[in-house]
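Below is one structure, written out as structure tokens; the observations come after it.
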Amino acid sequence: MSAPESTTPFSIATWNVNSLKVRLPHLLEWLAEANPTVVCLQETKLEDHAFPTAEIEAAGYQVAFAGQKTYNGVAIVSRLPLADVVVGNPRFDDPQKRLISATVAAPDGDVRVVGAYFPNGQAVGSDKYAYKLQWLTALHDWLADELASHPRLALCGDYNIAPEDADVHDPVAWAGQILCSDPERQAFRDLIALGLVDAYRLFPQAERSFSWWDYRNLGFQKNLGLRIDHVLLSAPLAARCTAARIERHLRKKERPSDHAPVIATLG
DNA sequence: ATGCCCAATTGCATTGGA
């Protein structure tokens with residue numbers, strides 16, 4: 001037990017970086033500072049040939065990624081070996097790069113990590129909203145099978161869903177709006193019903209805790225945010241979870257992402 | 001009532017994000 005990873009507990013995180021090209025320095029700083037074991041990234045916005053593999057490997061992490069130009073793009077970076085990488089949902093033919101899964105060889109057993117960039121949906125009733133709901137249904141149905149074959153599973157990502165009013169800075173203004181509509185929240189509950197647990201809510205948290213703040217209108221400075229980035233753990237992993245937090249300070253850096261990382265520690 | 005910011009594109013405005 002002298003490996004470096006044994007000195008810090010296993011932890012798993014998610015972060016929508018809103019362009020990995022711009023945010024690579026932030027990521028490298030945060031990896032060194034917080035030493036997460038696994039990080040799921042969203043909105044890398046890089047084609048695979050442009051992924052900064054060498055820089056991230058130099059920081060002591062392995063990488064798996066699936067990207068495209070301009071939009072979307074997901075990745076998993078891990079201090080521990082990654083295996084069995086799967087891109088996308090085999091039940092949902094989707095040209096948009098929004099899903100990547102891999103098995104991480106954790107000290108006490110394998111963990112299946114699913115990194116997800118859920119569709120935004122743009123506006124309730126729009127074509128993009130219909131796509132979001134279809135995507136959510138397909139994710140749910142696929143995950144039911146994945147959980148059966150991988151009981152130790154974490155679903156980490158930018159869900160683009162604020163599950164409860166407590167996750168919204170102004171629940172009245174957002175009522176029924178995109179990210180907060182009943183069908184979206186029901187889809188979130190349907191994921192929970194598969195046996196997943198919202199790691200952040202396992203612990204007491206400050207009121208008005210958010211993971212995203214609009215770039216406009218001094219959204220961060222006024223804490224006008226939403227909690228839409230989540231780490232969901234299957235029961236065997238939730239039983240081992242000892243802490244969860246939002247890395248709010250990353251939103252204060254120069255040229256920040258509009259999202260902050262969420263990290264859960266498994267003791 | 002609406003935009004406000006940020007990133008990317010083959011750009012000199014538009015789209016998407018949330």
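Scope of the values below: all heavy atoms of this structure, side chains included, with no hydrogens, waters or symmetry mates. None of these values were measured; they are calculated from a predicted model.
Taking 4.0 angstrom as the limit, A:His259 places a side-chain polar atom (N or O) nearer than this to OP1 or OP2 of B:dA18. Phosphate proximity of B:dA7 to A:Arg255: present, with a side-chain N or O under 4.0 Å from OP1 or OP2. OP1 or OP2 of B:dG16 has at least one side-chain nitrogen or oxygen of A:Lys128 nearer than 4.0 Å. Checking the phosphate oxygens (OP1, OP2) of B:dG16, no side-chain nitrogen or oxygen of A:Tyr131 falls inside 4.0 Å. At least one side-chain nitrogen or oxygen of A:Ser19 sits closer than 4.0 Å to the OP1 or OP2 atom of B:dA8.
A:Phe118 has its ring centre less than 6.0 Å from the ring centre of A:Trp135.
Using a cutoff of 4.0 Å between basic side-chain nitrogens and carboxylate oxygens, A:Asp182 and A:Arg189 are not scored as salt-bridged.
B:dT14 and B:dG3 have their P atoms separated by 13 Å, with the value rounded to a whole Å. Spacing between B:dA18 and B:dA7 at atom P, rounded to whole Å, works out to 14 Å. Only the C1' atoms considered, B:dG17 is 15 Å distant from B:dC4, to the nearest whole Å. B:dC5 and B:dT10 have their C1' atoms separated by 22 Å, with the value rounded to a whole Å. If you take atom C1' in B:dG11 and the same atom in B:dC6, they sit 16 Å apart, rounded to whole Å.
Position along DNA chain B of the nearest nucleotide to A:Arg216 versus A:Asn72 favours A:Arg216 as the more 5'-ward residue. Nearer to the 5' terminus of DNA chain B, by closest-nucleotide assignment, is the contact made by A:Pro256 (compared with the other of A:Ile228 and A:Pro256).
Looking at A:Asn120, its side chain comes within 3.5 Å of the base of B:dA18 through a donor and an acceptor atom. Side-chain atoms of A:Asn217 come within donor-acceptor range of the base of B:dC4, with a qualifying N/O pair under 3.5 Å.
Here the nucleotide nearest the side chain of A:Lys45, chosen from B:dA7, B:dT10, B:dA18, is B:dA7.
Nucleic acid contact class of A:Ile178 (heavy atoms, under 4.0 Å, all strands): none.
For the residue pair A:Gln134/A:Thr137, the side-chain donor-acceptor check at 3.5 Å is not satisfied. Side-chain contact of A:Asp229 with A:Trp212: a donor-acceptor pair under 3.5 Å is absent, judged by distance alone.
The 12-atom threshold is exceeded at CG of A:Asp170, counting heavy atoms of other residues, nucleotides or ligands nearer than 6.0 Å.
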